[in-house]
Amino acid sequence: MKNQIVELSIATTDGKFTAKYTPEGLAELDFPVGRTKGAGAGSNEIPAQFHRWHRITESALKSVLAGQKPKQLPPLVPTGTEFQKSVWNVMRKIPAGRTKSYGEVAQAIGRPRAVRAVGGACGANPIPILVPCHRILAANKKLGGFSGGLDWKRKLLAREGIVF
DNA sequence: TCCGTATTGAACT
DNA sequence: AGTTCAATACGGA
């Protein structure tokens, strides 16, 4: 076998997300891109472990999309540097309905000047939503940016009761 | 080594 | 009040 990455789709009310799993766990989660792929079809010999993770991922994803805190998360295996992992780790500690600025995150990882680097790490985040990068706002409560489009970020925040 | 970035805060008009 | 500028930290070519 070639260390294959398994891609499975998650159908939500907001579109079809694509989850990518490695033998280690969930490695990446993509927003709906509109391109219809063969999807989970052709799943001949997908180990039960993938389906098990997928079930958890699907539940967690839908919970966050509904503005609620997921009960359980699948094993996350993000690909990135130590710095990025630190940033993502801080993000995961942000409670639902609460936002944090890039500067706050920078301080949390002990690099108060690395605000822009934090932004870069957010953009490099392979697992949006489950790693709540959408709860990161600019210092002046501005939206900043978002991988899947600012429309998503705005919508997700609104569902958590965060208003501007 | 240089450039780009999902920032920030201060100066300027 | 809106806009421009320089600074800072990290990743990628």
Side-chain angles (χ1 to χ4, degrees), chain A residues 2-5 7-35 37 57-70 73-164:
Chain A
K2 30 195 169 161
N3 187 22
Q4 186 172 353
I5 295 179
E7 295 187 13
L8 295 176
S9 298
I10 300 177
T12 71
T13 55
D14 294 295
K16 187 167 64 176
F17 288 74
T18 301
K20 297 180 182 179
Y21 300 90
T22 70
E24 303 297 320
L26 178 63
E28 187 175 341
L29 182 66
D30 294 327
F31 283 94
V33 287
R35 66 183 179 194
K37 56 180 57 179
T57 301
E58 182 175 1
S59 176
L61 177 60
K62 289 182 178 178
S63 295
V64 178
L65 288 176
Q68 300 174 8
K69 182 180 179 181
L73 290 177
L76 304 180
V77 189
T79 301
T81 65
E82 293 301 321
F83 176 80
Q84 291 172 334
K85 289 178 183 177
S86 298
V87 174
W88 301 332
N89 183 46
V90 170
M91 289 191 204
R92 280 170 27 182
K93 293 188 299 185
I94 302 175
R98 184 71 183 280
T99 62
K100 215 172 178 55
S101 69
Y102 292 94
E104 295 296 327
V105 175
Q107 290 182 32
I109 62 175
R111 293 285 185 271
R113 305 296 179 192
V115 287
R116 284 157 49 179
V118 169
C122 290
N125 176 18
I127 313 175
I129 299 183
L130 294 189
V131 176
C133 48
H134 58 279
R135 298 200 187 115
I136 306 297
L137 299 179
N140 200 24
K141 312 303 181 189
K142 292 180 296 186
L143 278 179
F146 195 62
S147 301
L150 288 177
D151 184 47
W152 274 103
K153 187 171 184 176
R154 185 180 174 183
K155 184 182 299 180
L156 289 170
L157 290 175
R159 289 180 183 176
E160 294 186 1
I162 299 172
V163 204
F164 299 85

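These numbers come from a predicted model, not from an experiment. Here is how names work: the chains are called A, B, and so on, in the same order as the sequence lines, proteins then strands, and each is numbered from 1. Every heavy atom of this structure was used, including side-chain atoms; hydrogens, water molecules and symmetry mates were not.
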Compute both the distance and the angle, then confirm whether A/Lys85 meets the cation-pi test with A/Trp88: under 6.0 Å from the six-membered ring centre, within 45 degrees of the axis.
-> no
What is the distance from CD of A/Gln107 to P of B/dT8, rounded to the nearest Å?
-> 11 Å
Main-chain N/O of A/Ser101 paired with A/Lys141 side-chain donor or acceptor, under 3.5 Å | no
Ignoring hydrogens and angles, are the base of C/dA7 and the side chain of A/Arg113 linked by a donor-acceptor pair under 3.5 Å?
-> no
Between atom CH2 in A/Trp88 and atom P in C/dG11, what is the gap in whole Å?
-> 10 Å
Whether A/Phe17 and A/Phe31 hold their rings parallel, tilted or perpendicular, with breakpoints at 30° and 60° | tilted
Are A/Glu160 and A/Arg135 within salt-bridge range, i.e. N to O under 4.0 Å?
-> yes
Rounded to the nearest angstrom, tell me the gap between atom CD in A/Gln84 and atom P in B/dT5.
-> 16 Å
A/Cys122 has a side chain; which of C/dG11, B/dA6, B/dT7 sits nearest to it?
-> B/dA6
Ignoring hydrogens and angles, tell me if any N or O in the side chain of A/Asn125 forms a donor-acceptor pair with the backbone of A/Ile127 under 3.5 Å.
-> yes
For C/dT8, what is the paired nucleotide under Watson-Crick or G-U wobble rules, both distances under 3.5 Å?
-> none
With respect to the side chain of A/Thr81, which nucleotide from B/dT7, B/dT8, C/dG11 is positioned closest?
-> C/dG11
Look at the side chain of A/Ala117 and decide which nucleotide, out of B/dA6, C/dG11, C/dC10, has an atom nearest to it.
-> C/dC10
Taking atom P of C/dA6 as reference, at what distance in whole Å does atom CZ of A/Arg116 sit?
-> 13 Å
What's the CG-P distance between A/Asn125 and B/dA6, to the nearest Å?
-> 14 Å
When we call it a touch if two heavy atoms are under 4.0 Å apart, what does A/Tyr102 touch: a base, just sugar-phosphate, or nothing?
-> base
Looking across every strand, which nucleic acid part, if any, lies under 4.0 Å from A/Gly123 by heavy atom: base, sugar-phosphate, or nothing?
-> base
At under 4.0 Å, does any side-chain N or O of A/Arg111 touch on OP1 or OP2 of C/dC10?
-> yes
Of all the nucleotides listed (C/dC10, B/dT8, C/dT8), which has the minimum atom distance to the side chain of A/Ser101?
-> B/dT8
Check DNA chain C against residues 138-158 of chain A and give the residues with a non-hydrogen atom under 4.0 Å, in numerical order.
-> none
Is there a donor-acceptor pair under 3.5 Å between the side chain of A/Gln84 and the backbone N or O of A/Thr81?
-> yes
Does A/Lys62 come within less than 4.0 Å of A/Asp14, counting only side-chain N to carboxylate O?
-> no
